[in-house]
> 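One structure, as structure tokens, below. Some questions next.
Order of the sequence lines fixes the chain letters, A, B, ..., with proteins taken first and strands second; residue numbering starts at 1 for each chain. Side-chain atoms are counted along with the backbone in the values below, which use heavy atoms only and exclude waters and symmetry mates. Remember, predicted model here, so these are calculated numbers, not experimental data.
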Protein chains: 2
Amino acid sequence: MNLRQDVHTAGIPVLCQACEARHRGICGALDSDQLVALAKTSSKQTIASGAELVGDTETVEHYSNVLAGVVKLTKTLSDGRQQIVGLQFAPDFLGRPFKSESAVNAEAATDVSLCSFPKAAIERMMKQSPELEHRLLRQTLKELDEARDWMLTLGRKTASEKVASFLLLIANHIDPTLGEGEEKVTFDLPLTRADIADFLGLTIETVSRQFTKLRAEGIISIENNRHVTVTRRERLEARAGH
Amino acid sequence: MNLRQDVHTAGIPVLCQACEARHRGICGALDSDQLVALAKTSSKQTIASGAELVGDTETVEHYSNVLAGVVKLTKTLSDGRQQIVGLQFAPDFLGRPFKSESAVNAEAATDVSLCSFPKAAIERMMKQSPELEHRLLRQTLKELDEARDWMLTLGRKTASEKVASFLLLIANHIDPTLGEGEEKVTFDLPLTRADIADFLGLTIETVSRQFTKLRAEGIISIENNRHVTVTRRERLEARAGH
DNA sequence: CGGTGCTTTGACGAGTATCAATGGGAGTGG
DNA sequence: CCACTCCCATTGATACTCGTCAAAGCACCG
């Protein structure tokens with residue numbers, strides 16, 4: 001993609017033209033002038049799987065939109081026990097407004113592509129455009145709903161139910177429009193077994209055993225450790241404790 | 001932090017004059033005219049402990065501010081397993097904007113006093129006043145931070161650490177200004193053992209045993225099941241896995 | 001080939017749930 | 001004032017899920 005500040009298509013920056021965040025993400029709140037202004041200080045960057053984006057208690061000067069890939073938000077106890085407290089997919093917004101330091105670590109779970117801009121630029125625009133703040137509020141409420149859903153899973157579900165819930169979470173994210181009628185879904189897991197364990201509050205061994213059990217029961221099949229096909233969706237949903 | 005604007009008491013509804021939500025809550029975003037308009041449709045109500053405020057999937061036509069007491073937000077699985085996903089103290093806002101139905105149950109954990117207003121009134125004002133939406137965003141971000149903190153507790157802490165974390169959570173809420181130097185704190189638990197268990201993802205028996213252990217070690221003392229004194233704050237903090 | 005990283009599988013034990021009984025305070029009625 | 005009940009909390013005995021430790025399998029890569 002070229003980096004010219006060339007402005008076509010009703011004055012929309014090249015950077016933004018094919019960007020998902022411009023429609024479903026927070027940038028949908030901005031008009032073309034604002035987009036141009038923001039694009040001046042924005043940069044698209046690619047991050048390798050495993051790289052740390054934001055350190056715990058680190059000062060954050062940049063916010064980002066996730067363009068592709070999956071970012072995991074984690075919290076860690078002093079002795080190393082870790083919990084994933086959120087997964088961000090495109091076109092989610094990444095950052096914690098109104099606080100200089102993040103309460104969580106952010107790390108690329110897969111290769112990730114981001115569009116980053118300085119904290120100050122967004123905060124300036126938020127003052128101008130209530131619509132931007134409105135979008136942020138909606139995203140935050142969505143994340144809060146997801147976090148609370150997951151609290152139920154963490155606190156009250158068994159290992160078996162947790163793994164089933166996780167698979168459905170990913171399946172729904174891959175294809176949110178998936179009708180009830182569709183039986184089979186197939187996708188690549190964006191997380192390693194270790195990440196899945198950290199997301200579910202389990203160990204990798206327990207996660208592995210649950211996968212094995214699901215395979216043995218003919219509910220899913222797995223190729224290459226990552227590629228999953230859900231063959232009996234209903235039974236997976238039943239197991240998740242709908 | 002919170003800019004508290006000096007408004008003359010002239011023109012402020014009686015209902016609001018001594019209200020905590022007018023300073024630290026979302027009503028701080030409103031000028032006296034707006035307060036008057038909102039107060040016309042508002043009503044203060046008292047709810048007995050145990051009463052249900054908002055049913056899961058129920059349509060909500062009212063939002064509220066918590067004036068006193070504690071409200072618990074819960075989620076329940078089809079077989080009855082329950083998880084508390086949030087606790088609301090004064091002057092928290094109660095409601096889920098932009099969605100007609102709540103994803104959680106809300107129930108009075110103690111006797112609760114509320115200030116309720118119709119959904120429509122708030123949403124109308126949100127369009128007029130970006131500051132109101134700003135306050136809502138801040139409260140939502142705060143709740144998100146709390147939810148994620150708790151996910152770490154639910155997913156990765158032991159029963160012992162969970163109970164210690166819970167006691168500190170309540171202690172900090174009773175007296176947020178509590179300095180590091182202060183050793184002793186004393187307070188009434190706003191929750192029954194069953195509620196605490198549902199908050200921590202444990203059973204009441206396990207919670208009870210952990211309390212007993214803390215008492216035996218001289219870290220806390222308990223009178224009448226509800227009244228707790230933390231005698232060795234540092235050791236409680238150490239146990240919570242700071 | 002022999003590493004290295006990730007996953008699976010197995011054997012065992014610790015931590016927590018479950019089931020069951022007891023304790024204790026508050027309210028009620030004799 | 002004392003039984004009686006109800007509700008909640010505590011305590012005990014036992015079962016079972018899941019974590020821990022150890023080893024082996026498998027793909028990828030130099």
Side-chain angles (χ1 to χ4, degrees), chain A residues 48-51 72 77 79-83 107 109-111 153-167 188-217 220-228 239 241, chain B residues 48-50 72 77 79-83 109-111 153-167 188-217 220-228 239 241:
Chain A
S49 167
K72 56 181 184 180
L77 291 171
D79 63 358
R81 281 174 289 171
Q82 197 172 59
Q83 176 68 45
E107 194 179 320
T110 63
D111 289 348
T153 300
L154 288 173
R156 289 304 188 195
K157 289 189 185 173
T158 64
S160 173
E161 292 167 333
K162 283 179 176 179
V163 170
S165 301
F166 169 73
L167 288 173
D188 282 318
L189 291 175
L191 303 182
T192 65
R193 297 292 186 277
D195 284 339
I196 297 171
D198 282 348
F199 191 42
L200 296 172
L202 298 170
T203 60
I204 52 177
E205 293 93 332
T206 300
V207 171
S208 179
R209 281 186 246 271
Q210 294 303 330
F211 275 132
T212 302
K213 202 178 289 179
L214 287 171
R215 236 183 307 130
E217 295 177 35
I220 64 171
S221 66
I222 305 181
E223 296 161 41
N224 291 333
N225 286 341
R226 289 287 192 119
H227 193 74
V228 175
R239 173 157 318 195
Chain B
S49 168
K72 56 181 184 181
L77 292 170
D79 63 359
R81 281 174 290 172
Q82 196 173 59
Q83 177 67 45
T110 63
D111 289 348
T153 301
L154 288 173
R156 290 303 189 196
K157 289 189 186 173
T158 64
S160 174
E161 292 167 332
K162 284 178 177 181
V163 170
S165 301
F166 169 73
L167 287 173
D188 282 318
L189 291 176
L191 304 182
T192 63
R193 296 293 185 276
D195 284 339
I196 297 171
D198 282 347
F199 192 41
L200 296 172
L202 299 170
T203 59
I204 52 178
E205 292 94 333
T206 299
V207 171
S208 179
R209 281 186 245 272
Q210 294 303 330
F211 275 133
T212 302
K213 204 178 289 181
L214 288 171
R215 236 183 305 130
E217 295 176 36
I220 63 172
S221 67
I222 305 182
E223 295 161 43
N224 291 333
N225 287 339
R226 289 288 191 116
H227 193 74
V228 175
R239 174 158 318 196

> Any donor-acceptor pair under 3.5 Å between the side chain of B:R209 and the base of D:dG12?
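Per atom types, the contact qualifies.
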> What does A:R215 touch in the nucleic acid at a heavy-atom separation under 4.0 angstrom: a base, only the sugar-phosphate, or nothing?
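Since only primed, P, OP1 and OP2 atoms lie under 4.0 Å of A:R215, the category is sugar-phosphate.
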> Out of D:dT11, C:dT16, C:dT8, which has the shortest distance to the side chain of B:T158?
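From the listed options, C:dT16 comes nearest.
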> The side chain of A:R193 is closest to which nucleotide in this list: C:dT8, C:dT18, C:dG10?
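Nearest to the side chain of A:R193 among the choices is C:dT8.
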> Rounded to whole angstroms, how far apart are CD1 on B:I196 and C1' on D:dC8?
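One finds 12 Å between C1' of D:dC8 and CD1 of B:I196, rounded.
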> Atom NE2 of B:H227 and atom C1' of D:dC8: how far apart are they, to the nearest Å?
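The answer, rounded to whole Å, is 19 Å.
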> Which nucleotide wins on minimum distance to the side chain of B:N225, given the candidates D:dA9, D:dT11, D:dT20?
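Selected nucleotide (nearest to the side chain): D:dA9.
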> Can you tell which of C:dA20, D:dC18, C:dT8 lies closest to the side chain of B:E205?
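Shortest atom-to-atom distance from the side chain points to C:dA20.
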> Between C:dT16, D:dA9, D:dG19, which nucleotide gets closest to the side-chain atoms of B:T192?
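From the listed options, D:dA9 comes nearest.
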> Counting heavy atoms not belonging to A:N224, are there more than 12 under 6.0 Å from its CG?
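Not buried by this count: 12 neighbours or fewer within 6.0 Å.
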> With sugar-phosphate meaning primed atoms plus P, OP1 and OP2, does B:T212 contact a base, only sugar-phosphate, or nothing at under 4.0 Å between heavy atoms?
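Sugar-phosphate, backbone atoms only, no base.
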> Between B:F211 and B:R193, what is the shortest heavy-atom contact and its length?
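So the minimum-distance heavy-atom pair works out to CD1-NE, 3.6 Å.
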> Can you figure out which of C:dA17, D:dT10, D:dC18 approaches the side chain of A:Q210 most closely?
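Output: D:dC18.
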> If you find the nucleotide of DNA chain D closest to A:N224 and the one closest to B:R226, which residue's nucleotide is nearer the 5' end?
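It is B:R226, whose closest nucleotide lies nearer the 5' terminus.
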> How is B:I204 classified with respect to the nucleic acid when contacts are heavy atoms under 4.0 Å: base, sugar-phosphate, or nothing?
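B:I204: no heavy atom of the nucleic acid under 4.0 Å.
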> Using whole Å, what does the distance between atom P of nucleotide C:dA17 and atom CZ of B:R81 come to?
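Distance check: B:R81 CZ to C:dA17 P gives 12 Å.
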> Run the salt-bridge test on B:R156 and A:D198 with the 4.0 Å N-O cut-off and return the result as yes or no.
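The answer is yes: the pair qualifies as a salt bridge.
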> Nearest to the side chain of B:L202, which nucleotide is it out of C:dT16, D:dT20, D:dA9?
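Comparing C:dT16, D:dT20, D:dA9 against the side chain of B:L202, the answer is C:dT16.
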> Please give me the minimum heavy-atom distance between B:G201 and B:K162, naming the atom from each residue.
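Of all heavy-atom pairs spanning B:G201 and B:K162, the closest is O-NZ, 3.9 Å.
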> Take the protein atom NZ of B:K162 and the nucleotide atom C1' of C:dA17, then report the distance between them rounded to whole Å.
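Spelled out: NZ on B:K162 to C1' on C:dA17 is 12 Å.
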> Just checking, any donor-acceptor pair under 3.5 angstrom between side chains of A:K213 and A:S160?
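No, no side-chain donor-acceptor contact under 3.5 Å.
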